[in-house]
Amino acid sequence: MSRRGRVVVAMSGGVDSSVSAALLVDQGYDVVGVAMRLWEDAESESGCCSLDDFLDARLVAEKLDIPFYVMDFREEFRATVVANFVREYRQGRTPNPCVRCNHSVKFASFWDRARELGAEWIATGHYARRRDGAAGAELWRGVDPDKDQSYFLFSMGREALARTIFPVGHMQKDEVRAEAERLGLPVASKPDSQEICFAPRGTHAAFVEAQSSALPIRPGVVVDQDGTEIGRHDGVHRFTIGQRRGLGISSDRPLYVTDIDPVGGVVRVGDAAAVGCAGLSASEAEWLGEPPPVGAAVRIKIRSRFEPQSAVITSIAGDRFQVASDRLKAVAPGQAAVVYDGERVLGGGWIESGVAARLADAGEVAV
Amino acid sequence: MIYLDYNATAPLLQPARDAMAAAQDEFGNASSAYAQGRRARAVLEGARRDLAEIAGVQPRDICFTSGGTESNNAALFGTIEPASAHEIVLAPHDHSSVVESARELERRGAKLRWLPVDAAGRVAAAAVAEAISESTRLVSVGWANNEIGTIQDCQAIAELCRDRGVAFHSDAVQGFGKVSMQLPDADLISITAHKLGGPKGIGALVRRRDVELRPLLFGGSQERGWRPGTENVVGAAGFAAAALAARDAGAWTDALRERLWRALEPIAGVERYSPAANCLPNTLLVGFAGLRGESVVAALDLEGVAVSVGSACAAGSGEPSHVLRALGYDDERARCAVRFSSGRATTADEIDRAGEIVATVVARMRAALEPAAAAGGAA
Ligand SMILES: Cc1ncc(COP(=O)(O)O)c(C=O)c1O
């Protein structure tokens, strides 16, 4: 038995999780690699969970001389992540499957399976840091600002966090690649994957349609801010708040999606000013420690490619909260709203709605 | 390390190793006309004769292949003319190299007729009789199932197929050497060397009573044109030597299987799938309620016990065992299956230690998932 105890590493075959496993071996842990089988697509040979990725992960495990297993999580993944993804898009919302996966699969089922294998710890290749503070484990941004993935982890839960190691969270991506090179890992130059594993970029609409045979998707109309019909569309699942491309409307000024009404099938568009927000309200809140008090000055991140912006907590009630901020644009319901105190993740929730600028000015907002 | 996955493959026996080392020196192409070729040919034909004698068949009936998978493919693809809607009668829990070959033939136009199996994995001869129709060209029923271990009454099936004038194929990969060294009286029989302690990558399709068979491969006259390609002399020598050693080791007994079961039986939530009678003497398929087979296999591996969730072909796929599903178990139960399969070299002491380790590991796995004991609950 090793001094540091057993850790099960989620190995995807990518460079981050491979280096994570290598670092843990160096640090004297009893390391076990597990590749998670999440999804399978008969057609695609690439993307996550492909045979090639598992082979890469296996090669790395062999090189590190650690036990390695492929485990099946397809049922959980389909029932939680994929079902949510399809449902959300159909309701005119914009899901984030990676956050859902961390919540429902990686730091839930995977953590269970790791404990079955006698693990005291689990590890992933996320760019995030765990710090053990006086009041328990804290989640911090990864040190590489371009790669930070703390946003995806807000709902991982405190108990799982206390038992999770992020070996590359304190490294820059270049350092991780250099480390992979130094260790002679066969995946050192593998490109990053930024895709949703089951629906690669640009294919989400087709995916949602393919998964919707039981309840066919309805077409609808596109209207301007006054409600005048200016076009038609093939289903609300094709739209995201703030979206500019693919509206199928010719206009002399740029138009953005400002509202989506899934019941009426109405997509409303307007100019850039119309997508500005004065805040947002979120539900399904989860906090990694004490929730911040009302009035707290925080930073909020409302989608994965978005720098956290200053905001003030204006209400917290049950699992809902609201923030005010004049720096938010294109607040998309269904996306995660993650609350930071500086570099530290306090928690977050799922966006229910943006708070329109005019209403906020008038002080008419209640939770 | 306690190896209990002999149904996946067995370590190479010393006599097989020796025979192969000697055969390596005969580098000649067994089909060549000069002395080196003749010497290689002599080794090959010697192996064929030995194997034929051990298996109770004629040397000319043995066609060497690359193993059980190829033999099964050859038997099905060689007898079925998909375009003419030929029908295959087969068992749903047989090895995937039979079942998936049949499915491919179905995609090309053949008809499949699936035999009913009972919860122990048995196929009744009467059910075969009932399933055979005018368009049936082939009946395929494995001799012994690789996962659950159930042995079929192939003799009865062979007789009724002969009466009905239908070709009968039996996948005897697991049965050969464990049920008996004498092959059942089927028209086409698949065997492989590595389950017996011979090398991987050599097997045979035994063809009795000249059933009509089209080859899978073309381009040479080896194996009487039926399986072209330079002969695997070394493999054949190893195969025959392993079969000889298996015969000399004598008959198996059920003792180790039942000894293991006595050790596992007290474990809470354990369920035995392998029948107590008419079952491979080395095979015990069980499930531990609520624990996925793939996790049990991994946890046991970490403790030095090598077992599997069933067929090695399905390992890592997470698919519930197609065998248990065919026997009427639901996916949940089928996902819990764990197969223990011992070999000639397995000792009673190893079985006892394995039993203890399994009990400890299962208890630890169960405790890990108790909410109170959890170091941290799921998020
Ligand atoms: C019943 C059965 N048939 C066929 C095979 C395939 O044989 P081979 O590995 O020689 O291709 C196996 C195992 O691998 C088996 O258990």
Side-chain angles (χ1 to χ4, degrees), chain A residues 1 5-6 8 30-38 40 49 51 54-55 57-58 66-77 99 102-122 136-137 153-164 286 288, chain B residues 1 100 103 107 269 288-310 312-322 330-338 357-358 360-379:
Chain A
M1 273 300 114
R6 180 170 289 166
V8 173
D30 168 13
V31 182
V32 174
V34 169
M36 305 175 72
R37 197 154 181 235
L38 298 172
E40 100 193 306
C49 296
L51 230 42
F54 289 159
L55 286 179
R58 199 179 286 280
I66 57 170
F68 173 80
Y69 310 100
V70 176
M71 289 196 179
D72 180 37
F73 294 86
R74 283 173 300 170
E75 222 173 49
E76 294 95 312
F77 189 76
V99 182
N102 285 328
H103 173 91
S104 306
V105 184
K106 283 208 181 107
F107 297 98
S109 314
F110 176 74
W111 170 223
D112 285 347
R113 305 265 194 105
R115 274 179 293 143
E116 286 185 332
L117 299 186
E120 291 168 56
W121 303 96
I122 53 173
L153 298 167
F154 86 89
S155 67
M156 68 184 288
R158 296 171 82 168
E159 293 81 6
L161 176 61
R163 289 276 134 200
T164 300
E286 294 206 40
L288 289 161
Chain B
M1 176 38 205
E100 295 305 322
R103 290 230 164 86
R107 282 188 281 275
F288 302 99
L291 298 181
R292 283 176 172 251
E294 65 179 18
S295 290
V296 175
V297 167
L300 286 175
D301 176 46
L302 293 172
E303 302 299 328
V305 180
V307 300
S308 72
V309 291
C313 309
S317 74
E319 292 299 339
S321 152
H322 83 282
D330 60 25
D331 282 5
E332 190 60 39
R333 299 272 281 300
R335 267 202 199 88
C336 294
V338 181
I357 293 170
V358 174
T360 310
V361 162
V362 167
R364 193 194 64 207
M365 292 175 77
R366 291 238 164 87
L369 297 184
E370 298 267 324

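Throughout, protein chains are lettered first and strands after them, A, B, ... in sequence-line order, and every chain is numbered starting at 1.
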Would you check, one step at a time, whether the test side-chain contact (heavy atoms from CB on, under 4.5 Å) holds for B/L302 with A/R6? CA-CA 11 Å; B/L302 293 172; A/R6 180 170 289 166; 3.5 Å; yes
When you look at A/M71 and B/R292, which way does the side-chain contact (heavy atoms from CB on, under 4.5 Å) test go after all the steps? CA-CA 10 Å; A/M71 289 196 179; B/R292 283 176 172 251; over 6 Å; no
As an exercise: rank A/P67, A/A119, A/G118 by heavy-atom pairs under 4.5 Å with chain B and give me the winner.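 It is A/G118.
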Need one label for B/D331: side chain, backbone, both or neither, based on atoms under 4.5 Å from any heavy atom in chain A. neither
Whatever's closer than 4.5 Å to a heavy atom in chain B on A/V32 counts as side chain
Results of salt bridge (Lys or Arg N to Asp or Glu O under 4.0 Å) for B/E100 - residues two or more places apart only: B/R103
Taking the side chain as every heavy atom from C-beta outward, state whether [X] and [Y] have any pair of such atoms under 4.5 Å apart.
X: B/M365; Y: A/L117; answer: no
X: B/V296; Y: A/E116; answer: no
X: A/Y69; Y: B/V297; answer: no

Could you give the distance from CD (A/E75) to CD (B/E332), rounded to the nearest 0.5 Å? 7.0 Å
Gap between atom CZ of A/R115 and atom CD of B/E370 - 0.5 Å precision: 11.0 Å
Contacts of B/R366 meeting side-chain hydrogen bond (donor to acceptor under 3.5 Å, both in side chains) (sequence neighbours excluded), chain-then-number -> none
Go through it in stages, so that I can follow the logic: the residues are A/D72 and B/R335, the test is side-chain contact (heavy atoms from CB on, under 4.5 Å), and I'd like the CA-CA distance, side-chain angles, deciding distance and then a yes or no. CA-CA 10 Å; A/D72 180 37; B/R335 267 202 199 88; 4.1 Å; yes
